[in-house]
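Accompanying notes for the structure given below.
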Amino acid sequence: MFSDNKALFTHQLLQWNETQNHRPLPWKGIKNPYFIWLSEIILQQTRVEQGLPYYLKFTEKYPTISDLANAPEDEIMKMWEGLGYYSRARNLHAAAKYVADELNGNFPETYEEIKKLKGVGDYTAAAIASFAYNLPYAVVDGNVYRVLSRFFGIETPIDSTEGKKQFTILAQELIDKKKPAIYNQAIMDFGARHCTPAKPLCLFCNMQANCVAFQTGNTDKLPIKSKKKKKKTRYFNYIILENSENEIAVNKRLGKDIWLNLYEFILLETEKEITLKEIRAKAKEILQINTEQLEIVASYKQLLTHQKIISKFAYIKINELVNNKNFNFIKKEAIKQLAFPKSLKQFIDNSDIF
DNA sequence: AAATCGGGGAC
DNA sequence: GTCCCAGATTT
């Protein structure tokens with residue numbers, strides 16, 4: 001019946017989709033390219049459960065791409081607060097302005113034009129093209145790498161240039177060109193719910209007889225990744241400086257580092273962990289104030305993909321105003337309007353200073 | 001080709 | 001602790 005195992009794969013995947021796939025999500029089946037784009041950006045490297053509330057928030061506050069384009073950057077960053085990978089939010093805003101201003105609010109309708117949007121790469125362009133316009137571009141995301149590497153027994157590292165090329169070509173051969181949207185949705189749902197990274201449901205899988213990984217007992221070895229990630233440890237010592245007007249010193253993070261365009265307190269970054277005494281001395285030098293009353297009020301660790309951040313928070317209230325153009329003093333009540341990195345937001349929410 | 005960009009959940 | 005998630009961009 002099938003000339004090769006590729007046609008068999010597509011057939012059995014769609015069969016699984018029709019009989020076993022039950023995963024209702026608000027962006028499934030819709031055709032509004034703006035909402036689809038928004039959902040795809042939010043879901044980049046993000047679990048559906050984590051991204052879902054953000055999608056609902058964004059679509060309610062910004063019903064059209066022009067609403068998003070006209071919003072202030074800080075407001076969008078605040079909306080994105082806690083979701084991580086903040087360049088997505090910055091690119092989202094830039095792309096919205098591009099569509100609103102340069103394209104008269106008309107979302108691009110071809111793969112090539114869609115990919116010109118900032119923050120839209122191969123995967124996202126294929127997703128939008130297929131879901132919104134039913135164009136035959138196969139998505140290749142983490143789910144697809146896993147499903148295809150297992151079913152076809154492909155051992156090429158998925159994080160290599162060769163692997164990316166090989167899987168992209170294969171995925172494009174497999175897609176059902178008569179129903180690209182359904183196929184793309186199906187393979188990702190299958191990877192997320194059935195052919196999972198750990199403990200895949202092979203015993204209940206309608207594809208097990210043709211799955212190379214299952215037949216050879218290599219399910220837990222595929223897909224193969226070659227690169228390993230190294231973490232560096234950084235020490236962030238934050239000074240929460242409150243002046244006589246109940247204002248707190250904050251800065252917007254600039255330059256080439258994590259958390260670009262988010263806010264933070266006065267930061268003293270050090271090569272190693274330092275004591276309260278040392279924090280007081282450094283703060284005194286920088287701020288030119290008496291820091292004897294400076295006290296550590298919290299400290300904790302945060303793990304990022306490539307960094308481990310060990311934070312200390314030290315608080316001091318002084319009975320004067322500080323004339324220092326390096327800091328912005330913001331009323332306490334207004335602090336919670338600004339977008340902070342997750343660890344700082346947690347501190348703010350849990351501290352009785354605010 | 002390799003490094004970097006967050007945060008959370010499963011194990 | 002490790003791995004990975006509807007990846008993209010920069011170096």
Side-chain angles (χ1 to χ4, degrees), chain A residues 23 25-28 36-55 77 80-92 94-95 114-131 137-147 157-165 167-168 171 181 183-193 195-200 220-232 234 253 255-262 301-309 339-346:
Chain A
R23 199 190 191 194
L25 292 169
W27 50 80
K28 274 172 86 166
I36 292 169
W37 164 66
L38 185 57
S39 74
E40 293 302 340
I41 301 297
I42 287 174
L43 291 171
Q44 284 170 5
Q45 290 293 286
T46 304
R47 291 169 191 279
V48 165
E49 308 82 67
Q50 190 186 2
L52 181 55
Y54 287 83
Y55 174 81
M77 299 309 288
W80 201 271
E81 184 185 46
L83 194 54
Y85 283 163
Y86 296 92
S87 66
R88 291 183 294 170
R90 300 190 297 269
N91 289 333
L92 189 78
I114 293 167
K115 210 177 155 184
K116 287 180 182 169
L117 302 177
K118 280 190 180 178
V120 174
D122 294 334
Y123 162 78
T124 306
I128 299 171
S130 62
F131 294 146
Y137 292 88
V139 293
V140 183
D141 73 334
N143 292 306
V144 175
Y145 281 122
R146 184 171 56 258
V147 171
I158 62 172
D159 54 355
S160 65
T161 303
E162 187 193 347
K164 183 176 162 65
K165 199 169 162 185
F167 280 96
T168 300
Y183 172 88
N184 276 342
Q185 191 66 249
I187 194 169
M188 289 194 287
D189 284 343
F190 180 70
R193 308 274 289 225
C195 194
T196 48
K199 298 185 178 179
D220 59 345
K221 294 186 177 60
L222 293 169
I224 291 175
K225 274 193 179 181
S226 57
K227 302 187 183 77
K228 348 171 186 5
K229 307 172 180 181
K230 288 176 191 163
K231 275 196 203 310
K232 63 175 173 181
R234 299 173 72 178
R253 286 181 65 87
K256 214 172 49 181
D257 199 353
I258 56 173
W259 302 329
L260 176 61
N261 287 5
L262 272 69
K301 296 177 198 170
Q302 184 182 18
L303 291 174
L304 309 183
T305 304
H306 292 91
Q307 304 185 23
K308 176 160 84 173
I309 295 171
F340 286 85
K342 184 74 173 192
S343 54
L344 276 72
K345 177 175 167 49
Q346 279 179 352

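In what follows, every chain begins at residue 1, and chains take the letters A, B, ... in the order their sequences are listed.
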First and last nt of DNA chain C near chain A, cut-off under 4.0 Å to heavy atoms, 5' to 3', are C:dC4 to C:dT11
Could you check whether A:G51 gets within reach of a base, just the sugar-phosphate, or nothing at all, counting any heavy atom under 4.0 Å?
nothing
By nearest-heavy-atom nucleotide on DNA chain B, the more 5' of A:Q44 and A:K199 is A:Q44
Q) Which part of the nucleic acid, if any, lies within contact of A:S39, taking any heavy atom under 4.0 Å across all strands shown: a base, the sugar-phosphate backbone alone, or nothing? A) nothing
How is A:L83 classified with respect to the nucleic acid when contacts are heavy atoms under 4.0 Å: base, sugar-phosphate, or nothing? base
- A:T46 side chain to A:Q44 main-chain N or O, any donor-acceptor pair under 3.5 Å? yes
Salt bridge (Lys or Arg N to Asp or Glu O under 4.0 Å) filter on A:D159, not counting sequence neighbours, yields none
> At under 4.0 Å between heavy atoms, what does A:D159 touch on the DNA or RNA strands: base, sugar-phosphate, or nothing?
Replying inline: nothing
*Base, sugar-phosphate alone, or nothing: which one does A:D220 contact when heavy atoms must sit under 4.0 Å apart?*
nothing
Between CD1 of A:I258 and C1' of B:dG7 the distance, given in whole Å, is 12 Å
Note to self: Within the 4.0 Å heavy-atom criterion, would you say A:E49 contacts the bases, only the backbone, or no part of the nucleic acid?
What the structure shows: nothing
Margin query: So A:N184, base contact, sugar-phosphate only, or nothing? Heavy-atom distance under 4.0 Å.
Written below: nothing
inquiry  = Test your reading of the model: is there a side-chain donor-acceptor pair from A:R90 to the backbone of A:L260, 3.5 Å cut-off?
reply    = yes
| task | Could you tell me whether the phosphate oxygens of B:dG7, OP1 or OP2, come under 4.0 Å of any side-chain nitrogen or oxygen in A:Q302? | result | yes
Out of B:dG8, B:dG6, B:dC5, minimum distance to the side chain of A:H306 belongs to B:dC5
A:L43 CG to B:dG7 P, in whole Å, measures 17 Å
*Evaluate the side-chain proximity of A:Q45 to A:T305: yes if any heavy-atom separation is below 4.5 Å, no if none is.*
no
Item to complete: Would you confirm whether A:N184, through its side chain, and A:Y137, through its main-chain N or O, come within 3.5 Å as a donor-acceptor pair?
Response: yes
Separation of B:dC5 atom C1' from A:N261 atom CG, nearest Å, is 13 Å
**Asked** Between A:K231 and A:L303, is there a donor-acceptor pair closer than 3.5 Å when you use the side chain of the first and the backbone of the second?
**Response** no
**Prompt:** Across the strands shown, which category fits A:T46 at heavy-atom distances under 4.0 angstrom: base, sugar-phosphate, nothing?
**Reply:** base
If you look at every strand shown and take non-hydrogen atoms under 4.0 Å, does A:R146 touch a base, only sugar-phosphate, or nothing? sugar-phosphate
By nearest-heavy-atom nucleotide on DNA chain B, the more 5' of A:A198 and A:K256 is A:K256
| message | With a 4.0 Å limit, can you tell me whether A:W80 has a side-chain N or O closer than that to the phosphate oxygens OP1/OP2 of B:dG7? | response | no
Original post:
What is the nucleic acid contact for A:V144, judged by heavy atoms within less than 4.0 Å: base, sugar-phosphate only, or nothing?
Top reply: nothing
